[in-house]
Amino acid sequence: MNKKVVVGMSGGVDSSVAAYLLKKQGYDVIGVTMQIWQDEAEAVKEENGGCCGLSAVDDARRVAEAIGIPYYVMNFKNEFKKNVMDYFVEEYLKGKTPNPCIACNRYVKWESLLNRSLEIGADYIATGHYARIEKLTNDRYAIRNSVTAAKDQTYALYNLTQDQLSKTLMPIGEFEKDTIRKIAVEAGLPVAHKADSQDICFIPDHNYASFLEREAGDRVPPPGNFITQTGAIIGPHLGISHYTIGQRKGLHLAMGHPVFVTEIRPDTNEVVIGENSDVFSRELICDNVNFMSIEDLKDSRKVIAKIRYSHKGSLCTIEKIEQDKIKCTFDQDVRAVTPGQAVVFYDGEYVLGGGTIV
RNA sequence: AGGGCUAUCGCCAAGCGGUAAGGCACAGCACUUUGACUGCUGCAUUCGCAAGUUCGAAUCUUGCUAGCCCUG
């Protein structure tokens, strides 16, 4: 009997080809689209954008039909609200800068979707991520860089557990983006030319400030002062949740030269402003650590760390300074270490682990 | 209400008789499965107001208005 795999289909090219490839490889494939935030009515109006909204259902259904696999829509709105949207809001209220995609992967895609898939008899779930999963000689599973450096998505997957990885397939990690589109065209998939997704899927208008207002109401931090590193007040700000480390735009500060946010102080409701050179730092500390290629970090070691999705990676030395807390010292200064964002450590092409910057 | 100085885009600021530099801010686009960063493009038919000199003025003259400084 063939192994059964549930493919999370967003309606985009990547997950569509993932389903197609698995089907060709002989798996018993089931297509599933997660309904996570959009209302049915809104979903119809969606044009493009988020990875997980829109005409997703229509497109995914057509692809499933083209490939010849059963297709379902599963409702994960509650799980998404609790683990992604609420987390997103709470972090911003605390002056942090969250990464909702990481939370979505860890708790919705790889927890809710995986569990429900197992319940209906699946052996694996699969996604259209540009990454590979391999079992190492130490018996641990680890995410490995996609063959295409230009479209590597390992950063957002560092938080997956061993159990989750053991039940996951990422069939397109072996290909280049161009190849994927080519396969989609050759297979006659109706979404071959659809644009890549981007931005926060549950905030279609990109206005996360008003989203926070709707979600948190008067819990949103009030206006306060922009100050310099020496404490001088240089103007009013809209509330700490409007800013992030390294930000330049939207400050409405005409200082004659560009200025940037260097620090956010929730306790005094102040946002510290400085020069571009002031936003560079040499070290950081993270918690909520998840180890992937290794079981634990005993001795300090040299790795490559990414401090944001698009970061190319910087050499650094990591050491465990206490339970669930790692200190990372870079060889050279890195720009805008931002609390709330994830640091992901790489051992060569493999994800060693990562944590949340504090 | 004596004397002096200054009034150019939201902020700063070039210009000194020949038909409005630049920076910051701001906007749009690109980039991007987070927030940012970055790049590109745009952004004063007009120079406090009024009159005059001149072929031609933001640039010269006069008056007015406003702000700043000094002396009462």
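Worth knowing before you read on, the calculation uses all heavy atoms, side chains too, and leaves out hydrogens, waters and symmetry mates. In what follows, every chain begins at residue 1, and chains take the letters A, B, ... in the order their sequences are listed.
- For A:Arg248, the listed nucleotide lying nearest its side chain is B:U38; candidates were B:G10, B:U38, B:A36.
- Look at the P atom in both B:G2 and B:C60: the space between them is 25 Å, to the nearest Å.
- At a threshold of 4.0 angstrom between heavy atoms, the contacts of A:Arg335 are confined to the sugar-phosphate backbone, with no base atom among them.
- B:G3 and B:A51 are spaced 27 Å apart, taking the P atom of each and rounding to whole Å.
- Between A:Tyr158 and A:Phe345, the gap from one ring centroid to the other reaches at least 6.0 Å.
- The ring of A:Tyr107 has its center no closer than 6.0 angstrom to the ring center of A:Tyr87.
- In the interface, the side chain of A:Thr97 is not paired with the base of B:G35 through any donor and acceptor atom under 3.5 Å apart.
- Taking atom P in both B:C24 and B:G42, one finds a spacing of 15 Å when rounded to whole Å.
- Contact annotation for A:Gly250: backbone-only contact, meaning every heavy-atom pair under 4.0 Å involves sugar-phosphate atoms and none involves a base.
- Atom P of B:A20 sits at a distance of 14 Å from the matching atom of B:C43, rounded to the whole Å.
- Applying the 4.0 Å criterion to OP1 and OP2 of B:U33, one finds that A:Tyr309 has a side-chain N or O inside that range.
- Relative orientation of the A:Tyr27 and A:Tyr124 rings is perpendicular, given thresholds of 30° and 60° on the angle between their planes.
- Using a 4.0 Å heavy-atom criterion, one finds that A:Phe88 contacts no nucleic acid atom at all.
- A salt bridge links A:Lys94 with A:Glu91; the closest basic N to acidic carboxylate O contact falls under 4.0 Å.
- Electrostatic pairing of A:Lys182 and A:Asp178 does not count as a salt bridge here, judged by no charged N lying under 4.0 Å from a carboxylate O.
- A cation-pi arrangement is absent between A:Arg116 and A:Tyr72 under the rule of less than 6.0 angstrom and at most 45 degrees off the ring axis.
- Considering only side-chain atoms of A:Ala254, the nucleotide from B:C24, B:C37, B:G35 that sits closest is B:C24.
- A:Leu253 comes within 4.0 angstrom of sugar-phosphate atoms only, judged by non-hydrogen atoms across all strands, and of no base.
- B:C47 and B:G15 have their C1' atoms separated by 10 Å, with the value rounded to a whole Å.
- Counting any heavy atom pair closer than 4.0 Å across all strands shown, A:Pro98 reaches a base atom.
- Between A:Leu157 and A:Met255, the residue whose closest nucleotide on RNA chain B is further toward the 5' end is A:Met255.
- Nearest nucleotide to the side chain of A:Thr244, out of B:U34, B:A36, B:C37: B:A36.
- What separates CG of A:Leu251 from P of B:C37 is a distance of 9 Å, to the nearest Å.
- Annotation: B:A14 and B:G22 have their C1' atoms spaced 7 Å apart (nearest Å).
- Using a 4.0 Å heavy-atom cutoff across all strands shown, A:Tyr243 reaches no nucleic acid atom at all.
- Taking the syn range as angles within 90° of 0, the glycosidic angle of B:C37 is syn.
- Here A:Gln153 lies in heavy-atom contact (under 4.0 Å) with a base.
- For A:Arg308, no side-chain nitrogen or oxygen approaches OP1 or OP2 of B:U32 to under 4.0 Å.
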